[in-house]
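Just so it is clear: chains get the letters A, B, ... in the order the sequence lines come, proteins before strands, and each one is counted from 1.
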Amino acid sequence: TKKSGSGKVKVAIVTNCTADFWLHAEAGAKKAAAENDVELDFRQPKTQTVIDQMEIVEALLKQGIKGLAVSVINPEEQTPDLTRIAGQVNLVTMDNDADKTGRLCYVGVDNYLAGKEAGRAVKRALPKGGTIALFIGTTTSANSKDRVAGVLDELAGSDNRAEIRKGNFQEKYGVYTLYRKAPITDETEEAKARTNAESALEQLKNTPDVAMVGLYAYNPKAILTAVRGKNLVGKVKIVGFDEDFDTLDGIDKGEIEATVVQDPYQYGYVSVTCLAYVAKGGDKTKIPQKEIKHRLVTKEGTMIKGVDVEILKASVFSTTTRESLAAVK
Amino acid sequence: MSGTIKLGSIFAGSLGAVAILWFTLALPWPTTSLGNRYQLWSISLVVSLTLLCFTFELSWRNMLRLLGVLVLLGSILGRLAIIQFLEGDKTPLDKSNIFAILSEQGSLGIITLGAALLILTGGIDLSVGSVVGLAAVTFGTLMEMGCPPLAALAIVLLLGVAIGFTNGLLVTQLKLQSFLVTLCGMFMFRGFARAINTSNTGLQQAKSNHPEFAESLDSMRALLVGKAANGAVEFPATLVVMMLLAAIVAVILHKSAYGRYWFAIGYNDQAARYAGIGVERQRLSVFVICSTLAAFAGILLLLWGGSANPSNAGNSYELYAITAAVLGGVSLKGGECIAAGLILGALVQPIIFNWMSFDQIPDSAQLWVMGLALLSGTIADELIRRFRRRAKG
Amino acid sequence: MSGTIKLGSIFAGSLGAVAILWFTLALPWPTTSLGNRYQLWSISLVVSLTLLCFTFELSWRNMLRLLGVLVLLGSILGRLAIIQFLEGDKTPLDKSNIFAILSEQGSLGIITLGAALLILTGGIDLSVGSVVGLAAVTFGTLMEMGCPPLAALAIVLLLGVAIGFTNGLLVTQLKLQSFLVTLCGMFMFRGFARAINTSNTGLQQAKSNHPEFAESLDSMRALLVGKAANGAVEFPATLVVMMLLAAIVAVILHKSAYGRYWFAIGYNDQAARYAGIGVERQRLSVFVICSTLAAFAGILLLLWGGSANPSNAGNSYELYAITAAVLGGVSLKGGECIAAGLILGALVQPIIFNWMSFDQIPDSAQLWVMGLALLSGTIADELIRRFRRRAKG
Amino acid sequence: MPEEPLLIARAIRKQFPGVLALDDVSVTVRAGEVLALVGENGAGKSTLMKILAGVYQPDGGEILYRGQPVTFSGPLAAMKSGVSLIHQELNLAENLSVQDNLFLGRENTFGGPLKLLDNRPAAKSGGVLLERVGLPASYVSKIVGELPPGQKQLVEIARAIGLDAKLLIMDEPTSSLTQAETDRLYEVIAALKASGVSIVYISHRLAEIRRCADRAVVLRDGRNAGELAKAELTHDNIVRMMVGRDLKQFFPRNHRTTAGATVLELDGLCYRGGPTKPLSLQVRAGEVLGMAGLIGAGRTELSEAVFGLRSQSAGRVLLNGDAVRIRKPADAIRAGILLVPEDRRKHGLVLEASVGANLSLPNLDRISHRGFLDDGAERSLHAEMIEQLRVKTPSAAQAVGLLSGGNQQKVVFGKWLARGPKVLILDEPTRGVDVGAKTEIYTLIDELAGRGVAIWMITSDMEELLGVSDRAVVMHEGHIAGELTRAEMTEQAVMNLATGGGA
Ligand SMILES: Nc1ncnc2c1ncn2[C@@H]1O[C@H](COP(=O)(O)OP(=O)(O)OP(=O)(O)O)[C@@H](O)[C@H]1O
Ligand SMILES: Nc1ncnc2c1ncn2[C@@H]1O[C@H](COP(=O)(O)OP(=O)(O)OP(=O)(O)O)[C@@H](O)[C@H]1O
Ligand SMILES: [Mg+2]
Ligand SMILES: [Mg+2]
């Protein structure tokens with residue numbers, strides 16, 4: 001006779017890669033698992049590839065899980081597989097959606113809108129226009145394309161999503177010039193991200209009104225390190241994405257304008273809560289879409305005219321985030 | 001000689017038993033139109049196993065050389081069996097999990113074959129991973145652009161040939177070292193993959209661009225990686241493909257003149273030259289074989305995974321392939337290789353990763369557990385060799 | 001002999017002129033309390049340059065061996081100069097850009113030195129990148145946990161020693177091949193880095209956890225990577241550190257008995273053994289040097305970048321280091337190495353990346369341009385060698 | 001002898017995996033004597049010497065050095081006590097200069113553990129050492145790899161002399177030297193002996209033993225076979241003791257007939273990197289053409305050019321009167337021109353592979369059908385060759401590297417015999433081969449010549465040249481200095497031509 005583990009309901013989360021970002025999600029997921037008395041298996045593929053991710057997913061299916069939350073890497077291509085899997089086990093997509101899979105719900109922000117938020121932050125920093133440089137890990141994934149499109153569309157004031165998804169960029173977006181006519185990529189390597197920012201600064205040294213936007217979690221701090229190195233703090237405006245502590249610190253010191261945060265803690269928390277609810281017999285049909293609203297972090301954290309997102313104060317947000325992380329360790 | 005043949009048939013018998021076991025697991029056959037194809041595959045499997053056993057001179061020498069990897073494989077399989085029969089609702093030995101592992105092993109095996117031949121002849125290929133990536137991306141991009149699947153397959157294989165040819169010419173004609181040439185190749189081919197397509201490429205995209213190819217693409221997929229249109233694994237076709245290729249390699253290696261040339265070149269290319277062997281030509285052809293197999297593995301990668309990212313598809317596969325080859329009894333000094341060992345070597349890494357998943361080894365620990373397991377394998381191997389040497393004296 | 005010394009002094013003279021140029025660029029000295037330290041560094045630079053020139057036997061032989069890399073460097077510098085003087089407002093030759101390139105080159109140079117020594121003695125170290133990552137993560141984590149910066153530095157260097165020792169013992173005592181051992185090490189040390197700290201580690205974090213160390217950390221940072229407390233680059237200290245280390249390596253290599261031993265071991269370890277050289281001990285110590293330098297580079301990486309990610313800090317640095325070593329005149333067959341060449345070799349890759357950025361080579365093309373440039377370098381090198389041989393024959 | 005012996009080795013035993021290399025071997029070396037150590041290939045000479053020099057540790061027995069029992073922990077310990085060994089194979093770091101090699105492992109250093117080099121003393125004494133062995137002092141700064149093999153050997157000898165040894169062991173020092181250098185070596189040995197150094201001298205060239213040794217110890221199959229005093233050192237005595245029986249007819253000429261038509265002709269041949277003067281040469285069916293010359297005279301290069309290993313730049317190679325294009329060894333082999341190379345271990349054999357695999361290697365086209373090997377045909381080929389050449393090996397599966405030198409050389413011959421050679425080029429066919437095996441090889445050469453094969457034998461062994469060849473050509477600095485009929489062939493005449501004098 002088999003020894004039946006802890007006897008608890010098992011749910012699993014599979015992320016899209018290994019990154020600090022997911023620590024927050026793990027914290028939220030663990031919290032929800034404890035509250036709902038389910039067993040949690042939190043997995044991160046070693047590289048951001050569909051193959052590695054699906055290898056983990058398929059193996060998990062043999063381990064008696066009752067629910068699965070996945071950050072989809074390539075929605076279009078993974079749809080057939082995820083549809084099949086949604087037939088075997090309760091599926092939630094988070095962070096990045098695949099909406100034709102029969103998933104229970106999608107937990108995450110709209111990356112396009114989040115990108116637009118970053119774009120608005122750039123506009124506030126350089127109201128009269130200027131040159132912007134975009135830094136990002138890759139431009140291959142769906143959410144990174146959306147993010148880039150969001151920023152540029154906001155600056156241009158028009159919708160160029162289709163062209164940007166194809167990788168076609170313009171010189172000018174509204175009154176803003178796009179440095180090198182493309183986002184600069186770094187293959188998610190921090191050191192490369194830093195050298196990229198350094199050479200960009202070197203070339204934009206004599207250009208007035210420069211803003212640099214870092215769209216992956218480590219990009220803002222890589223930009224900040226480079227800006228500090230060239231003694232250009234304050235002269236070059238930085239707008240970021242995600243809640244790296246160095247980024248928050250930079251905002252608190254006034255070196256970075258703002259960062260757009262997605263609330264990965266909620267990704268984990270909501271996903272697990274939802275999966276636990278269904279696994280324990282909750283009504284699938286009653287699950288609403290769990291769209292999570294992105295938020296903005298600034299130095300002051302006060303309301304800004306014309307902005308209808310929640311605005312957080314960097315120092316406070318940093319402390320609460322640390323606490324929620326520490327709580328699960 | 002007669003002794004080795006007897007041992008060989010025992011081995012053949014037991015492998016046959018294992019094969020039959022597999023088929024029992026695989027039954028009932030999918031009732032799709034592909035059922036017949038899979039039966040064909042099963043026959044191929046038996047044929048290739050027979051060929052392999054026929055070429056594998058199962059001397060004690062060879063057996064001992066593979067003892068390290070056998071122990072490693074045995075202990076992990078043992079652990080999986082324990083999980084299957086004792087622990088909760090985990091079922092690692094279920095058909096679908098076994099099929100998934102076997103498929104992984106199949107595609108690793110294919111690049112291992114090529115990498116091993118190159119190492120055998122005294123070279124090394126660090127560009128394998130990038131070639132896999134480039135092939136996968138090219139294959140996908142071609143189909144997205146409207147090239148029929150079969151033509152795309154042929155073009156990608158030709159690309160593999162061309163790459164092998166370039167690498168090989170640089171090594172044999174310019175006398176550059178293969179480590180160096182293929183290191184540059186590693187950067188270049190990865191770069192080409194990124195230049196060809198800046199975004200992900202995939203089967204769905206190809207199908208939606210060109211619905212007329214959907215059917216032939218699906219049947220190619222079923223044939224080569226055993227996946228149905230909905231992505232379910234119906235048969236570990238990759239493994240069979242690998243076994244067939246391995247059988248061919250085994251015959252060439254152990255039963256044809258070319259194999260003899262390669263062994264001789266690997267040990268002592270000067271002596272081979274003095275014996276009238278066209279060393280350069282042989283080297284060149286091994287480069288071509290290696291890159292073509294890598295390109296083929298790239299095609300399988302796209303068919304299996306459904307999509308490929310130019311920046312990281314196939315990343316570090318050269319390392320996995322080299323490791324598998326070494327575990328399978330290849331010496332990095334050249335001149336030593338057993339075809340049947342390569343299959344065993346290729347089995348190790350996928351099964352280790354699978355085991356770690358079932359035993360919930362945290363992601364953060366997986367890499368060092370893997371490294372340690374491989375190191376233990378090589379250390380065990382060395383200790384066994386020593387022990388043998390001492391026992392003999 | 002006298003001929004080479006004369007040439008050496010010409011070289012020394014021109015290098016001195018370049019150094020003076022650098023200082024002019026670097027002037028005025030930062031008025032912080034660190035100004036003095038930098039003057040010390042400048043003196044060190046001159047000393048190490050002198051030592052390097054003294055050891056570098058600038059025979060035509062050596063010069064020609066480095067011609068490939070000199071041409072490569074020269075043409076890129078030329079292109080940068082054209083951009084500087086002809087093109088709009090781009091100023092690649094400005095102090096701040098030069099400093100950034102030099103610092104990159106410095107840290108690459110440090111690992112190149114170690115990697116090159118290992119290749120010289122007939123080994124190879126594929127674990128360098130992982131050791132860099134592990135060292136950076138350990139250094140940061142220790143300080144975050146409350147270990148004083150200097151103590152953390154010492155511990156990390158000891159860790160480097162321990163790693164070198166382990167690798168070395170496995171190679172020399174168990175007679176495993178270095179390629180294999182360090183391939184496993186590559187997985188393992190990367191795994192350790194990820195196991196030690198699952199999240200990014202960084203200086204800000206360390207400072208905010210332990211404000212009492214902020215000052216000593218800042219001054220360590222200023223000293224080793226030339227960054228002021230506000231993160232501004234004041235001096236390419238990494239390059240000076242590298243130059244000093246290179247000078248030491250140069251003296252050991254070309255002017256001490258150890259260097260002789262290593263050359264002999266790399267070419268023919270049997271001959272070295274028969275000459276009474278403790279081959280195993282020498283090999284072991286080179287492994288230790290290599291890993292310790294890699295660990296030191298990891299420390300510099302954290303100090304320079306401010307933070308390190310366990311999964312990818314230092315990724316593929318072993319490849320960059322090996323490439324740099326080869327460009328700098330090291331033969332992968334062992335037994336060939338010129339200390340001064342290593343510096344030149346380490347200059348190439350950072351400057352290529354910088355140039356590509358200034359010439360706006362798209363990201364997607366950078367990898368293959370890089371690969372092609374390196375390949376051209378090696379091909380040029382080989383053609384020069386051939387030409388020499390023919391001219392001689 | 002009143003004086004205490006310098007070294008006594010008693011009941012030495014050494015076991016290698018699968019081989020008992022030395023079994024209860026004893027040897028005594030007296031102060032200031034030249035002791036010859038002889039024995040067949042694999043008799044254990046090198047092993048015994050390596051034990052005396054600290055390279056190997058014995059498994060049994062004891063060594064008394066200057067009356068004290070010693071165990072040398074390594075080569076360095078032995079060197080420090082005054083025992084040094086010139087290895088049978090070259091052991092030089094060829095990437096370093098001659099001077100660096102001369103003093104490798106005992107560099108003059110200062111700065112304590114920093115071991116900084118002080119090259120000045122070495123620069124002076126290095127030149128002196130080179131001159132003692134007959135190399136120009138200016139060679140100290142040359143890179144060893146750029147020297148031809150013979151000169152490398154001289155460097156090795158100079159290096160050992162420089163160690164100021166009390167006991168100097170020379171393991172086949174002359175195998176790659178020609179007569180002139182060998183003579184020079186005798187002078188060195190005489191001088192060393194005069195200064196009280198003991199020398200152990202190993203050689204397969206019995207003439208050398210007779211000439212310089214005071215005494216000989218004979219080993220057979222890892223055991224003592226006996227000892228010969230100076231007076232007893234005759235060719236027959238040595239051979240009898242070594243082989244255990246008499247060897248009749250050292251240079252058999254039983255099958256030789258009068259030479260037939262010209263088989264191989266070189267007509268104004270030039271090759272890349274070779275001398276500018278074109279070379280012409282003829283080898284006739286059924287004759288053995290001997291080719292002599294000093295070290296580096298260019299004989300090996302010429303043969304390599306004919307065999308397709310170096311590209312020919314002008315002139316023709318004619319086989320039975322027809323021009324053949326030889327661009328690669330395969331062309332030569334197809335035409336029936338076959339080469340037994342000078343360096344057996346590097347070029348002749350794949351040492352790690354089996355005897356059978358080596359025999360098959362150039363014959364794979366004959367033992368395979370449509371690319372697939374025919375096991376039966378292969379086995380019979382192996383059996384036939386092993387039988388015909390009387391190769392001493394447990395089976396065809398034995399790794400060829402484990403065979404004795406003579407048997408290895410027979411395998412190299414065996415590779416070609418199956419192809420029915422028209423022209424057989426032998427480059428130093430008996431280098432490092434013991435007398436027993438030498439006779440067998442000479443017999444084989446004789447038989448082949450009898451069958452009408454044209455044999456072109458390059459040799460630096462004067463005895464061999466005079467004993468085996470029907471006609472001789474002598475090379476000097478890349479060109480043919482002259483030709484001698486069998487009647488004209490004397491040591492004097494050959495040396496004259498080789499050193500650039502007239503015939
Ligand atoms: N390192 C080794 N490992 C195994 N066997 C060895 C080793 N060295 C020597 N032998 C074996 O020991 C025996 C004695 O060899 P040794 O080299 O001493 O002979 P030798 O008298 O010097 O012969 P030669 O005249 O050919 O040089 C041979 O059978 C040889 O194969
Ligand atoms: N390994 C080598 N490296 C460099 N030069 C060499 C080498 N071997 C031979 N040479 C050069 O080639 C020329 C001819 O050498 P070759 O070996 O053909 O002469 P040989 O008459 O066969 O003498 P040996 O008795 O040394 O075999 C000489 O000038 C020699 O210096
Ligand atoms: Mg010997
Ligand atoms: Mg010769």
Is it true that [X] and [Y] make a salt bridge, defined as a side-chain N closer than 4.0 Å to a carboxylate O?
X	Y	answer
D/K45	D/E172	no
C/R260	D/D100	yes
C/R386	C/E382	yes
D/K152	D/E146	no

Would you mind reporting whether C/I343 and C/M243 have side-chain heavy atoms less than 4.5 Å apart?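 Contact flag for C/M243/C/I343 side chains = yes.
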Would a 4.5 Å heavy-atom cut-off, applied to side chains only, mark D/N119 and D/N108 as touching?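 Answer no - side chains too far apart.
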Using non-hydrogen atoms only, which part of [X] is less than 4.5 Å away from chain C: side chain, backbone, both, or neither?
X	value
D/L104	both
D/E107	side chain
D/K50	side chain
D/R106	neither

Is the distance between the ring centroids of D/F16 and D/Y56 under 6.0 Å?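 Close enough - the centres of the two rings lie under 6.0 Å apart.
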Does anything in residues 322-330 of chain C get under 4.5 Å of chain D by heavy atoms, and if so which residues?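 So far as heavy atoms go, nothing in residues 322-330 of chain C approaches chain D to under 4.5 Å.
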How far apart are the C-alpha atoms of D/I143 and D/L96, what are their side-chain angles, what is the distance that settles it, and do they pass the side chain to side chain contact (heavy atoms under 4.5 Å, CB included) test? CA-CA 6 Å; D/I143 300 295; D/L96 297 179; over 6 Å; no
Any idea which of C/G259, C/G276, C/A272, C/G335 has the most non-hydrogen atom pairs under 4.5 angstrom with chain D?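 Ranked by contacts with chain D, first place is C/G276.
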